[in-house]
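Letters go in sequence order (proteins before strands), and every chain restarts at 1.
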Number of protein chains: 2
Amino acid sequence: MKTTKRRALERAGWRTGSADEFLGLKAEETTLVTMRLSLAEKLRGRRTKLGLSQTDLATRLGSSQSRVAKMEAGEADVSLDLLVRAMLNTGASAREVAHAIAAA
Amino acid sequence: MKTTKRRALERAGWRTGSADEFLGLKAEETTLVTMRLSLAEKLRGRRTKLGLSQTDLATRLGSSQSRVAKMEAGEADVSLDLLVRAMLNTGASAREVAHAIAAA
DNA sequence: GCCAAATATGTCACTATCGACATAATCGTC
DNA sequence: GACGATTATGTCGATAGTGACATATTTGGC
């Protein structure tokens, strides 16, 4: 796995204290995490492009700024459901969501 | 919305007692639900193609037969995360998962 | 039409995820 | 370098999703 990708995962708080722990993630888990990060990244892009603050988006979603921050950080306790819901709220189509996911 | 799609949603137990209730779902929620159903359908296809019973797949996932049944029914209390994890477990690629999602 | 295997449905404790809040860190602008 | 606005981080009680189990229903071979 590329170092840049691993760095991204570590930044998001996934258990990667040591290489061994990191490699302890099953391939399917890693893919899932990568999907989350990809969605997170696209979400931030869409939000900023719309000129919205995290607080603005949070309001639209009936959520809170801190949770939006966590979404965009791709933190471990953010569900795919929430990320997808947020993407759709910014006007993304199913195809666009799919594109983000395919990138993983 | 097409009747067939609506029927599929109703079958899966989404609140659709009346047309009004049904239409009460926001477009973004409907899309999310449709994604779930699409993944559910593909999952069943992949499982059967592999010649696995729901119990077999459940074991591989560390889950239970009843939950697999619910996944494949696209029931409301099944998360996207779980569906995607299951898809990946059957050997689906990120691209294949994305394709299912794009269909919504 | 029986039987066994597979699938569906309902329920329940346990846990992960949630919105909310407080607070810290970062960034522009002056 | 102070300020206001934005974003990041940590925590908590509430709730939605989970595996497990019991049981009902469906399916297919005989």
Side-chain angles (χ1 to χ4, degrees), chain A residues 7-16 25-26 28-29 32-33 35-37 39-90, chain B residues 7-15 25 28-29 32-33 35-37 39-90:
Chain A
R7 287 271 167 69
L9 294 174
E10 290 178 352
R11 225 182 311 114
W14 299 90
R15 56 189 175 89
T16 59
L25 281 178
K26 298 212 191 338
E28 90 197 37
E29 289 299 323
L32 197 61
V33 169
M35 285 180 182
R36 248 194 280 266
L37 288 176
L39 284 168
E41 201 176 332
K42 298 262 190 182
L43 177 60
R44 172 163 301 183
R46 295 189 62 86
R47 175 181 63 80
T48 55
K49 193 147 196 171
L50 291 173
L52 298 173
S53 66
Q54 290 183 344
T55 304
D56 294 335
L57 179 57
T59 302
R60 293 168 52 143
L61 289 168
S63 184
S64 59
Q65 178 269 326
S66 60
R67 188 132 293 269
V68 172
K70 282 159 191 166
M71 289 184 212
E72 296 185 352
E75 282 192 13
D77 76 338
V78 173
S79 71
L80 270 187
D81 298 70
L82 189 58
L83 278 168
V84 171
R85 217 178 269 121
M87 283 285 284
L88 296 175
N89 184 281
T90 66
Chain B
R7 286 271 166 68
L9 294 174
E10 289 178 352
R11 224 182 311 113
W14 300 89
R15 56 188 175 92
L25 281 177
E28 91 198 34
E29 288 300 324
L32 197 61
V33 169
M35 284 180 183
R36 248 195 281 267
L37 288 175
L39 283 167
E41 201 176 332
K42 298 263 191 183
L43 177 60
R44 173 162 302 184
R46 296 190 61 88
R47 175 180 64 79
T48 56
K49 192 147 196 171
L50 291 172
L52 299 173
S53 66
Q54 290 182 343
T55 303
D56 294 336
L57 179 56
T59 301
R60 292 168 54 144
L61 289 168
S63 183
S64 59
Q65 177 270 324
S66 60
R67 188 132 293 270
V68 172
K70 282 159 192 167
M71 287 184 214
E72 295 186 353
E75 281 193 15
D77 74 338
V78 173
S79 71
L80 270 187
D81 298 69
L82 189 58
L83 279 168
V84 171
R85 217 178 269 123
M87 283 286 284
L88 296 175
N89 185 280
T90 67

Inset, instruction - In plain terms, say whether R85(A) and E29(B) are close enough for a salt bridge, that is, a side-chain N and a carboxylate O under 4.0 Å apart. - result: yes
Inset, instruction - Could you check how far CG of L61(B) sits from C1' of dG17(D), rounded to whole Å? - result: 15 Å
Inset, instruction - Mind checking the CG-CZ spacing from L43(B) to R36(B)? Nearest 0.5 Å is all I need. - result: 14.0 Å
Legend entry - E28(A), CD atom: more than 12 neighbouring heavy atoms under 6.0 Å: yes
Inset, instruction - May I have the distance from L57(B) (atom CG) to dG19(D) (atom C1'), rounded to whole angstrom? - result: 14 Å
Inset, instruction - Hey, could you give me the CG/CG distance between D81(B) and L83(B), rounded to the nearest 0.5 Å? - result: 9.0 Å
Inset, instruction - Hey, could you give me the CD/CZ distance between E75(A) and R67(A), rounded to the nearest 0.5 Å? - result: 8.0 Å
Legend entry - N/O (side chain, S79(B)) to phosphate O (OP1/OP2, dA16(D)) under 4.0 Å: no
Legend entry - Selection: residues 63-72 of chain B, any non-hydrogen atom under 4.0 Å of DNA chain D: S63(B), S64(B), S66(B), R67(B), K70(B)
Legend entry - Whole-Å distance separating the CG atom of L32(B) from the C1' atom of dG17(D): 14 Å
Inset, instruction - Figure out the CG/C1' separation between D77(B) and dG19(D), and round it to whole Å. - result: 12 Å
Inset, instruction - Would you give the length of the straight line joining atom NZ of K70(A) to atom CG of D77(A), rounded to the nearest 0.5 angstrom? - result: 6.5 Å
Inset, instruction - Establish, from distance only, whether the side-chain atoms of D56(A) and T59(A) form a donor-acceptor pair under 3.5 Å. - result: no
Identify each atom pair where a protein N or O and an N or O of nucleotides 24-30 of chain C are less than 3.5 Å apart, giving names and distance.
none

Inset, instruction - Please confirm whether the backbone N or O of N89(B) pairs with a side-chain atom of R60(B), one donor and one acceptor, at under 3.5 Å? - result: yes
Inset, instruction - Could you tell me the separation between the CZ atom of R60(B) and the P atom of dG19(D), rounded to a whole number of Å? - result: 15 Å
Legend entry - Neighbours of DNA chain C within residues 44-56 of chain A, by heavy-atom distance under 4.0 Å: none
Inset, instruction - Drop me the distance from L32(B)'s CG to L80(B)'s CG, to the nearest 0.5 angstrom. - result: 5.0 Å
Legend entry - Among dT9(D), dT18(D), dG19(C), the one nearest L82(A) by side-chain distance: dG19(C)
Legend entry - Of L52(B), L57(B), L61(B), the residue whose pairing with T90(B) passes side chain to side chain contact (heavy atoms under 4.5 Å, CB included): L57(B)
Legend entry - Whole-Å distance separating the CG atom of L43(B) from the P atom of dA8(C): 12 Å
Inset, instruction - Could you tell me the separation between the CG atom of D81(A) and the P atom of dT17(C), rounded to a whole number of Å? - result: 10 Å
Inset, instruction - Mind checking the CG-CZ spacing from L39(A) to R46(A)? Nearest 0.5 Å is all I need. - result: 11.5 Å
